[in-house]
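These numbers come from the heavy atoms of this one structure, side chains and all, not from hydrogens, waters or symmetry mates. What you see is a predicted model, and the numbers here were worked out from it, not measured in a lab.
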Amino acid sequence: MSRRAATPILGILPPVTSEHGYLHGYRPEERERLHRQARFLEPMVHDRLPFRRRRRLLEVGCGVGAQTEILLRHFPDIHVTGVDINDEQLAEARRFLGTVPWAVGRFDIRKMDAEKLDFEPESFDGAFLCWILEHVPSPPRVLGEVRRVLAPGAPIVCSEVLNATFFIDPYSPDTLRYWMEYNDRQIEMGGDPFVGAKLGNLLSSVGFRDVTTEVKTFHLDNRAPGERAEFLAYWSELLLSGAPALLEAGKVSQDVVDGMTRELDRVARDPNSVFFYSFIQARARAW
């Protein structure tokens, strides 16, 4: 099969609907949160990435450029081309990267539909996707396009959510109600909050080879109180960032949001609290 054509994928592709969008919205507060999130998760997301001796890296869903900065810092020989669909995110990425000394002359930020990449075949020798496939209506289409524009042997790394793994103690019923509606709303908007578990199938179905997956887990209890407190603060911010959209859609009430806020504060102050969450990082090569 020619690598110049997108590989047929398994199953029926879901349609792009008017409901498709980004649950967290594009407010300035969300752009700031994305910068903090990238730095907070950097040790796990960017651990031992296979991009040494690479020169032309494609970042799909570059957002505000937060991951781009980390990639440029870790790999001083690469040039990153970042693509995204939202004008506000793209403007922030250009602004932010313009303030980073080691990014000068090493990045290109473009507005582009990830399902229709405007690049020639074999334009890149590496690809990085982080927290993007959960938001798109057809991950296979995106991955098929990425494979098309990668050179033979080029590595791809995808980090994605697996929201079924979330657990906190003490028991927090409003938080769990909110979390279920959060995931349901993401599905209604064309996304997939469980896509991490499917990465192996997805990458294989569009023609990637040497596919491996790694489960990366946060299991925090009173053995690491400082790290647990830090992560609970991050997670609370993540949850609350979706509240305006969930309230507007009628998925949750203000009472549930207020109850969740109280529960998360209680969990953060409990010396025996537990937080558990796993995400999946998949690696493969294009052929």
Side-chain angles (χ1 to χ4, degrees), residues 14 17-41 63-64 66 86 88-89 92 131-137 160-197 217-222 224-279:
T17 71
S18 59
E19 288 291 294
H20 172 57
Y22 181 56
L23 175 61
H24 302 276
Y26 299 103
R27 303 178 308 279
E29 297 84 356
E30 172 61 12
R31 294 195 289 271
E32 294 170 5
R33 187 191 70 80
L34 289 172
H35 285 295
R36 291 192 294 273
Q37 173 180 272
R39 291 191 296 270
F40 186 80
L41 298 178
V64 299
N86 180 263
E88 289 86 355
Q89 302 281 71
E92 168 60 15
W131 322 133
I132 176 62
L133 295 178
E134 62 171 309
H135 299 297
V136 302
E160 282 300 337
V161 298
L162 182 51
N163 285 357
T165 63
F166 173 51
F167 171 82
I168 58 172
D169 186 69
Y171 177 61
S172 302
D174 279 325
T175 301
L176 296 178
R177 290 188 190 97
Y178 180 96
W179 188 236
M180 290 297 295
E181 296 297 344
Y182 178 106
N183 291 320
D184 284 349
R185 183 57 176 161
Q186 189 163 356
I187 292 170
E188 290 174 359
M189 297 175 75
D192 185 350
F194 315 112
V195 70
T217 298
F218 300 93
H219 184 193
L220 303 171
D221 54 24
N222 55 17
E227 185 179 0
R228 178 184 58 193
E230 186 180 40
F231 202 90
L232 282 168
Y234 154 72
W235 195 262
S236 298
E237 184 180 37
L238 170 68
L239 289 177
L240 289 169
S241 70
L246 294 177
L247 288 166
E248 182 180 359
K251 301 294 289 185
V252 297
S253 66
Q254 188 63 52
D255 286 344
V256 168
V257 175
D258 292 342
M260 177 183 70
T261 303
R262 289 191 297 270
E263 289 171 354
L264 291 171
D265 180 65
R266 183 189 69 204
V267 171
R269 290 184 288 105
D270 191 312
N272 293 309
S273 63
V274 178
F275 178 92
F276 186 97
Y277 183 81
S278 294
F279 70 93

Subject >> Pro244: side chain to side chain contact (heavy atoms under 4.5 Å, CB included) partners, not counting sequence neighbours >> reply: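 Here the qualifying residues are Arg27.
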**OP:** Identify, with sequence neighbours excluded, every residue that meets side chain to side chain donor-acceptor pair (under 3.5 Å) alongside Gln254.
**Re:**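 Once residues adjacent in sequence are excluded, the partners of Gln254 under the side chain to side chain donor-acceptor pair (under 3.5 Å) criterion are Asp258.
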**OP:** Mind checking side chain to side chain contact (heavy atoms under 4.5 Å, CB included) for Ala38 and listing every partner two or more places apart, or none if nothing turns up?
**Re:**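 Ala38: side chain to side chain contact (heavy atoms under 4.5 Å, CB included) contacts with Ala66, Gln67, Ile70.
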Original post:
Under a 4.5 Å cut-off applied to non-hydrogen side-chain atoms, are Arg266 and Ser273 in contact?
Top reply: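 Result no, sub-4.5 Å side-chain heavy-atom pair not found.
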Subject >> Test item: Phe166 and Thr175 side chains (from C-beta on) under 4.5 Å apart, heavy atoms >> reply: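 Yes. Closest side-chain heavy atoms under 4.5 Å.
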Original post:
Residues two or more places apart in sequence or in another chain: which of them pass ring pair (Phe, Tyr, Trp, His ring centres under 6.0 Å) with Phe40?
Top reply: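 Phe40 satisfies ring pair (Phe, Tyr, Trp, His ring centres under 6.0 Å) with Phe231, Tyr234 once adjacent residues are dropped.
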Original post:
In Å and rounded to the nearest 0.5 Å, what is the CG to CG distance from Leu238 to Leu34?
Top reply: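 Here the rounded value is 9.5 Å.
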Subject >> Which residues share a side chain to side chain donor-acceptor pair (under 3.5 Å) with Glu160, sequence neighbours left out >> reply: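 Here no residue qualifies.
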**OP:** Could you grab the distance from atom CD of Glu134 to atom CG of Leu162, nearest 0.5 Å is fine?
**Re:**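 It is 11.0 Å, given to the nearest 0.5 Å.
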Original post:
Minimum heavy-atom separation for Val252 to Leu247, with atom names?
Top reply: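 Of all heavy-atom pairs spanning Val252 and Leu247, the closest is O-CD2, 3.5 Å.
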**OP:** To the nearest 0.5 angstrom, please state how far the CD atom of Glu263 sits from the CD1 atom of Ile168.
**Re:**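 If I round to the nearest 0.5 Å, the distance is 7.0 Å.
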Original post:
Can you check whether Trp235 and Tyr277 have ring centres sitting under 6.0 Å from each other?
Top reply: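 Trp235 vs Tyr277: aromatic centres under 6.0 Å.
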**OP:** Kindly say whether Phe276 contributes a backbone atom to a donor-acceptor pair with the side chain of Ser278 at under 3.5 angstrom?
**Re:**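 No; zero donor-acceptor contacts below 3.5 Å.
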**OP:** Would you mind checking if Arg185 and Glu188 are paired as a salt bridge, meaning a charged N to carboxylate O distance below 4.0 Å?
**Re:**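 Salt bridge: yes.
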Original post:
Which residues satisfy the salt bridge (Lys or Arg N to Asp or Glu O under 4.0 Å) test with Asp265, sequence neighbours excluded?
Top reply: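 Partners of Asp265 under the salt bridge (Lys or Arg N to Asp or Glu O under 4.0 Å) test: Arg269.
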Original post:
Which atoms form the tightest heavy-atom contact between Gln89 and Asn86, and what is the distance?
Top reply: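 It is N-OD1, 2.9 Å.
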Original post:
Can you name the side chain to side chain contact (heavy atoms under 4.5 Å, CB included) partners of Asn183, sequence neighbours left out?
Top reply: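 Testing Asn183 for side chain to side chain contact (heavy atoms under 4.5 Å, CB included), a comparison that skips the adjacent residues, returns Asn163, Trp179, Pro193, Phe194.
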Original post:
Are any non-hydrogen side-chain atoms of Arg228 and Val274 less than 4.5 angstrom apart?
Top reply: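 Not touching, per the 4.5 Å side-chain cut-off.
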Original post:
Between CD of Glu227 and CD of Glu230, what distance do you get to the nearest 0.5 Å?
Top reply: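 The CD atom of Glu227 sits 7.5 Å away from the CD atom of Glu230.
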Original post:
Listed by chain and number, what are the side chain to side chain donor-acceptor pair (under 3.5 Å) partners of Asp270, not counting sequence neighbours?
Top reply: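 None.
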Subject >> Partners passing salt bridge (Lys or Arg N to Asp or Glu O under 4.0 Å) against Glu237 (at least two apart in sequence or in another chain) >> reply: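 For Glu237 the salt bridge (Lys or Arg N to Asp or Glu O under 4.0 Å) partners, ignoring immediate neighbours, are Arg36.
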**OP:** Using the six-membered ring wherever Trp is involved, compare the ring planes of Trp131 and Phe279 and label them parallel, tilted or perpendicular (cut-offs 30° and 60°).
**Re:**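 Perpendicular, since the angle between the ring planes exceeds 60°.
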**OP:** Locate the shortest heavy-atom distance separating Tyr171 from Asp169; write the atom from each residue and the value.
**Re:**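 Heavy atoms of Tyr171 and Asp169 come nearest at N-OD1, 3.7 Å.
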Original post:
Mind checking what makes salt bridge (Lys or Arg N to Asp or Glu O under 4.0 Å) contact with Arg39, not counting sequence neighbours?
Top reply: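 Partners of Arg39 under the salt bridge (Lys or Arg N to Asp or Glu O under 4.0 Å) test: none.
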**OP:** To the nearest 0.5 angstrom, please state how far the CZ atom of Phe275 sits from the CG atom of Leu264.
**Re:**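 Going from CZ on Phe275 over to CG on Leu264, the span is 9.5 Å.
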**OP:** Output all residues satisfying side chain to side chain contact (heavy atoms under 4.5 Å, CB included) with Ser253, sequence neighbours left out; order by chain, then residue number.
**Re:**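 Once residues adjacent in sequence are excluded, the partners of Ser253 under the side chain to side chain contact (heavy atoms under 4.5 Å, CB included) criterion are Asp255, Val256.
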Original post:
What residues form a salt bridge (Lys or Arg N to Asp or Glu O under 4.0 Å) with Asp221, not counting sequence neighbours?
Top reply: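 Only Arg223 meet the salt bridge (Lys or Arg N to Asp or Glu O under 4.0 Å) criterion with Asp221.
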**OP:** Give a yes or no on whether the backbone of Ser241 and the side-chain of Glu30 come within a donor-acceptor separation of less than 3.5 Å.
**Re:**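 A pair under 3.5 Å: no.
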